[in-house]
There are 2 protein chains.
Amino acid sequence: MPMKKQKDPLCGMILHAERGKCASCEVRALSICAPLDRSALEVLADLSEVVNFRKGDSICAEGDPVDYFFTVQSGALKTCRLQSGRRDLVTGFLFGGDFLGLAFFAGQIEADTHYPYAVRALSKGRLCRLPRQAFSKFIADYPLIEKQILAKISLKLEQAENHILLLGRKNAREKISSFILQLDDAQRFARQNLESDFQGVDTVDFPLARHDIADYLGMTPETVSRALTQLKEDGLIRQLSSRCVALVQRQMLEEIAAG
Amino acid sequence: MPMKKQKDPLCGMILHAERGKCASCEVRALSICAPLDRSALEVLADLSEVVNFRKGDSICAEGDPVDYFFTVQSGALKTCRLQSGRRDLVTGFLFGGDFLGLAFFAGQIEADTHYPYAVRALSKGRLCRLPRQAFSKFIADYPLIEKQILAKISLKLEQAENHILLLGRKNAREKISSFILQLDDAQRFARQNLESDFQGVDTVDFPLARHDIADYLGMTPETVSRALTQLKEDGLIRQLSSRCVALVQRQMLEEIAAG
DNA sequence: CGGTGGGTTGAGTAACGTCAAGTAACGTGG
DNA sequence: CCACGTTACTTGACGTTACTCAACCCACCG
């Protein structure tokens, strides 16, 4: 059984570690590997391993040494900072195509670095794992990858600044509205780029629990719940299930989110 | 007279635009130019211009095209995001040695980019200005600089995550304590690296007004003031003037800041 | 059919924001 | 250098928001 507080990151996680199949990678278009050619992918496939994780698994703890980089293939993860005697703070999420290890890259690939946050799984899923040393060498030969990583860091910084604005100056209603739209954007983007032929109503899935949303938005689960029911009562969203809502009035949501 | 809301960024600002003197730059050790050799500095000096700014000047507005990069030589600036009908949010500060333009760099030096925040002066000071195009070419010849920029972006991201933690999970008292320590660290670091021979009591200068602190910490000036007097009453700090405090019990401050 | 965990709802409270008054600090012009 | 006007800062009274603690509901699972 998956323990609530895993002391052995990764140990219980790897069910079937097997050589990566980069050529047929489903999320390549979203990942840092997007610009690589056939031969580069062959080289990379020899470095990479696919590992599975289950809901609740700990990928790494705060302060762990960074021995691997990861690309998320499926599932959802959260990066969080712990505080003694208080709710954690979730600094961000990782979905298919996202890269884990960004912050440790810039300029200090050779240095011994440590994770500044813990990473935990919100659902089951799959990671592509790359040994740090080997991948660092690989990058040296394929500068295109470095550019991709730079672009991702830049994006991350922009997201962080938006998050700062949200935490610093928005109330519960505005936070929730922003969050729903954020998820919606991410899910539209993924659908579009992976060329899935899905075309339905504008619905948003929450791949996480209320308390995770709360920890991301700097509030409590109760307040999250209350803000959601308020939006529901105002007819801005419709709740299909506890983990899925339909956007009824996107325009209005955007206005609220903007403040 | 400097207007409160400047519509013409930079126009009123440049008093004496003159060729940079990189060889004798006072903040080089702190800046991205630190690793450059004599000949590189000569080249750079031809690209750069020194411009002066006064308290309240607007360096750029949100959405302005990025035509120049800057290194701060002296004085203090804030980067802020505006919100209609609400207090601004200050996302960060720039002091001597800091580089302005980081976020626009990564991976898209050639693209037409825009500032995601406004930059305003908190005091008078001096900037080193570099035309974007020319500096981008310069970087291509001196990869050391690119590494420096990467390191700075990485640092920025780390700071952003700390800021997120502060805004999301700390109360007024903890926010102020963190802020004081942050300023103290920055000021110690600057003193140390610039090898000033100053050796006094452990005091911290606030190069900014209460409302700027409030906008940075996601609170109001009144609450900032109250939190400061509380720390004063508890004997953790001593107030030498409205813009300068002495750290009486650094240890305790650190404990409070950590939560 | 009871147990469990996630989610919602309610009542009371603490923390912070708002509004307003008062005080100290500063810069300017005489 | 002083008098004045302006701005920044502090303090107080009050209102609002979101947190805390608790009960309850519901879906899912043994």
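Just so we're on the same page: letters track the sequence lines, and every chain starts at 1.
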At under 4.0 Å between heavy atoms, what does B:S241 touch on the DNA or RNA strands: base, sugar-phosphate, or nothing? nothing
Whole Å only: how far is the CG atom of B:L231 from the C1' atom of D:dC9? 16 Å
SB check A:R226 A:E233 (cutoff 4.0 Å): no
Does B:R87 reach the side chain of B:M219, with side-chain heavy atoms less than 4.5 Å apart? no
In whole angstrom, give the distance that lies between atom CZ of B:R210 and atom P of C:dG17. 15 Å
Output yes when at least one side-chain N/O atom of B:Q239 is less than 4.0 Å from OP1 or OP2 of D:dT10, else no. yes
Would you mind reading off the distance between A:L228 atom CG and C:dT8 atom C1', rounded to a whole angstrom? 11 Å
Charged N to carboxylate O under 4.0 angstrom, B:D215 versus B:K78? no
What's touching nucleotides 14-19 of chain D from the protein side, N or O pairs under 3.5 Å?
unit_1, atom_1, unit_2, atom_2, d
D:dA18, OP1, A:A172, N, 2.9
D:dC19, OP2, A:T220, OG1, 3.2
D:dC19, OP2, A:T223, OG1, 2.3

Summary of ring-ring contact (aromatic ring centres under 6.0 Å, His included) pairs that have at least one residue in residues 214-242 of chain A, sequence neighbours excluded: A:F93-A:Y216, A:H163-A:Y216, A:F179-A:Y216
Salt-bridged, B:D57 to B:K124, with N to O below 4.0 Å? no
Indicate yes or no: does A:R173 engage A:D234 in a salt bridge with an N to O separation below 4.0 Å. yes
Side-chain donor/acceptor contact of B:E222 with base of C:dC16 under 3.5 Å: no
Interatomic distance where CG belongs to A:D212 and C1' belongs to C:dG5 [whole Å]: 14 Å
Rounded distance (Å) that lies between atom P of C:dT8 and atom NE2 of A:H211: 13 Å
At 10 degrees resolution, what angle do the end axes of the helix from C:dC1-D:dG30 to C:dG30-D:dC1 form when each is taken over five base pairs? 30°
Would you please confirm or rule out a distance under 4.0 Å between OP1 or OP2 of C:dT9 and any side-chain N or O of A:T229? yes
Is there a donor in the side chain of B:S31 and an acceptor in the side chain of B:T71, or the other way round, less than 3.5 Å apart? no
What contact category does A:R243 fall into here, base, sugar-phosphate, or nothing, at under 4.0 angstrom with non-hydrogen atoms? sugar-phosphate
Gap between atoms CG and P, on A:L167 and C:dC16 respectively (whole Å): 15 Å
Nearest-Å distance, CG (B:L208) to C1' (D:dA8)? 13 Å
Does the cation-pi check pass for A:R129 over A:Y68, that is, NZ or CZ under 6.0 Å from the six-membered ring centre and within 45° of its axis? yes
Using atom NZ of B:K55 as one end and atom C1' of C:dA25 as the other, report the distance to the nearest whole Å. 11 Å
Would you call A:D205-A:R243 a salt bridge at under 4.0 Å N-O? no
